[in-house]
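Just below is one structure, and these are the notes that go with it.
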Number of protein chains: 2
Amino acid sequence: MTERPFHHGNLRAALLDEAVTVLRSSGVDGLSLRDLARRVGVSHGAPRSHFVDRQALLDALAVQGFDRLRQRAREAFAAGRDLPDRFHRVAQAYVDFAIDDAALMELMFQAKADGGGEAVQEAAVALFTELDQAMGPRRADTDDGDRDAFKLLFAATMQGIAALVASHRIPRPEGDRLIDVAMTMMLGSELAARTIGEGEVGAGSS
Amino acid sequence: MTERPFHHGNLRAALLDEAVTVLRSSGVDGLSLRDLARRVGVSHGAPRSHFVDRQALLDALAVQGFDRLRQRAREAFAAGRDLPDRFHRVAQAYVDFAIDDAALMELMFQAKADGGGEAVQEAAVALFTELDQAMGPRRADTDDGDRDAFKLLFAATMQGIAALVASHRIPRPEGDRLIDVAMTMMLGSELAARTIGEGEVGAGSS
DNA sequence: ACCTGAACACCGTTCAAGT
DNA sequence: ACCTGAACACCGTTCAAGT
């Protein structure tokens with residue numbers, strides 16, 4: 001009897017969920033609006049009611065991706081004991097996400113030639129804000145430029161390591177080792193000493 | 001009289017050249033075999049004689065891209081005076097390339113779900129070999145793992161910075177500054193001291 | 001060996017029409 | 001407000017046929 005007369009009101013969410021699945025198995029190229037509609041059981045024109053464009057759906061996926069990555073980063077940070085451990089965990093979570101959802105990550109960092117996609121940029125900013133909080137309170141004696149540089153460099157390095165693994169340039173374990181090396185290098189740098197926490201980076205016995 | 005009876009034998013090269021142009025103006029999505037054939041003035045089936053697949057053309061573009069990037073890296077390295085300067089120039093060249101040809105760079109580092117694309121991997125390996133030579137001769141007292149880690153970390157960092165700029169997450173000048181910060185950090189690290197050149201990293205007055 | 005042109009299945013997008 | 005279904009222009013890919 002419940003043969004679903006139309007769709008039950010959550011078509012937008014259903015399309016996005018299905019899209020994430022397809023994205024993981026077939027990549028961005030395998031993602032078509034018509035196929036998505038077919039899988040969910042609506043006509044090919046139906047998605048138009050929720051996404052003006054194919055790009056609009058991709059943007060929505062990117063926003064969702066940034067939110068999920070931010071969540072992961074937050075959890076990883078909370079699970080760490082001292083500051084180095086926290087950074088390490090966030091780095092690992094970042095790279096894991098980028099590799100396991102490589103196609104999604106691709107979407108999140110695509111060129112986006114047109115001016116559109118403001119929501120995506122907003123979601124990206126939220127992620128960076130999360131990273132900023134992970135660095136602890138701003139110190140009066142720290143140059144904001146240095147702090148931003150450290151944060152950006154952290155993100156860039158993780159992104160780069162993930163790209164190497166995702167493109168099969170290096171195997172995953174080597175990527176993990178690279179994370180260790182990178183974190184040791186970054187946390188041991190002068191820049192880190194100048195910018196992070198309350199001098200609690202060298203977590204030895206004071 | 002020379003109304004070109006068919007095509008003059010270099011259709012493959014003509015298609016690739018046109019593809020690079022389209023890639024720069026319209027991205028990967030704007031790249032279609034039929035459109036390419038139209039621009040070059042052949043029938044839509046003609047490209048098939050040189051590329052079995054659309055993917056085959058994309059792979060060929062990626063190989064070309066890696067070769068060009070390797071050339072750029074080689075030139076940048078040669079133009080540098082001391083080792084830090086050389087590294088800095090290679091880094092700048094790498095990021096410049098990645099930003100100016102962002103769509104091509106995307107192709108070069110795509111997941112490539114299928115096993116295919118061995119030629120692409122080969123071209124990528126050649127680039128890394130070039131980077132390895134830039135690090136100077138291997139030293140007997142250096143762990144090969146450390147040396148590889150430094151090399152990979154260098155590439156990953158540049159790749160990550162380029163991704164941040166290409167996706168408009170940060171403006172280009174900030175990307176350039178980030179290169180400076182990254183190189184200072186990397187070259188000043190213990191890992192660098194253990195792996196690079198003949199202790200000539202700290203290029204001060206001995 | 002290289003290219004043409006018809007054919008097929010698939011897309012994104014638009015839009016009048018239904019409920 | 002949300003969805004259907006026909007329509008249009010565009011693709012990638014295949015393949016018999018031409019030169």
Nearest nucleotide by nearest heavy atom, which residue falls closer to the 5' end of DNA chain C, A:V52 or A:D35?
A:D35

If you look at every strand shown and take non-hydrogen atoms under 4.0 Å, does B:R34 touch a base, only sugar-phosphate, or nothing?
base

Testing C:dC3, D:dC2, D:dG12 for proximity to the side chain of A:S49, the answer is D:dC2

With both distances kept under 3.5 Å, what pairs with C:dC11, Watson-Crick or G-U wobble?
none

Taking for A:H44 and for A:H50 the nucleotide of DNA chain D with the nearest heavy atom, the one nearer the 5' end belongs to A:H50

Mind checking whether B:E122 and B:V63 have side chains closer than 4.5 Å, heavy atoms only?
no

Compare side-chain N and O positions of A:R38 against OP1 and OP2 of C:dC11 and report whether any pair is under 4.0 Å apart.
yes

I want to check a possible cation-pi pair here: B:R72 against B:F97, using under 6.0 Å from ring centre and within 45° of the ring axis as the test.
no

Against the side chain of B:L33, the closest entry in D:dT4, C:dC11, D:dT13 is D:dT13

Flag the pair B:F87 / B:M186 as yes when at least one side-chain heavy-atom distance between them is below 4.5 Å, and no otherwise.
no

Interatomic distance where CG belongs to B:L36 and C1' belongs to D:dG12 [whole Å]
13 Å

Side-chain N or O of B:S43 versus OP1/OP2 of C:dT4: is the shortest distance under 4.0 Å?
yes

Donor + acceptor pair across side chains of A:D67, A:Q71 (<3.5 Å)
no

Whether the side chain of A:R48 and the base of D:dT4 hold a donor-acceptor pair under 3.5 Å is what I'd like checked.
no

Interatomic distance, B:N10 CG vs C:dA1 C1' [rounded to whole Å]
15 Å

Stacked cation flag B:R169 on A:F109, 6.0 angstrom / 45 deg:
yes

Rounded to the nearest angstrom, tell me the gap between atom CG in B:D29 and atom P in D:dC11.
13 Å

Within this structure, what is the CG-to-P distance between A:L31 and D:dC11, rounded to whole angstrom?
20 Å

Can you tell me the base-pairing partner of C:dA16? Count Watson-Crick or G-U wobble geometry only, both distances below 3.5 Å, and say none if there is no partner.
D:dT4

Let me know the distance between CG of B:D53 and C1' of D:dT13, rounded to the nearest Å.
9 Å

Gap between atoms CZ and C1', on B:R54 and C:dC11 respectively (whole Å):
13 Å

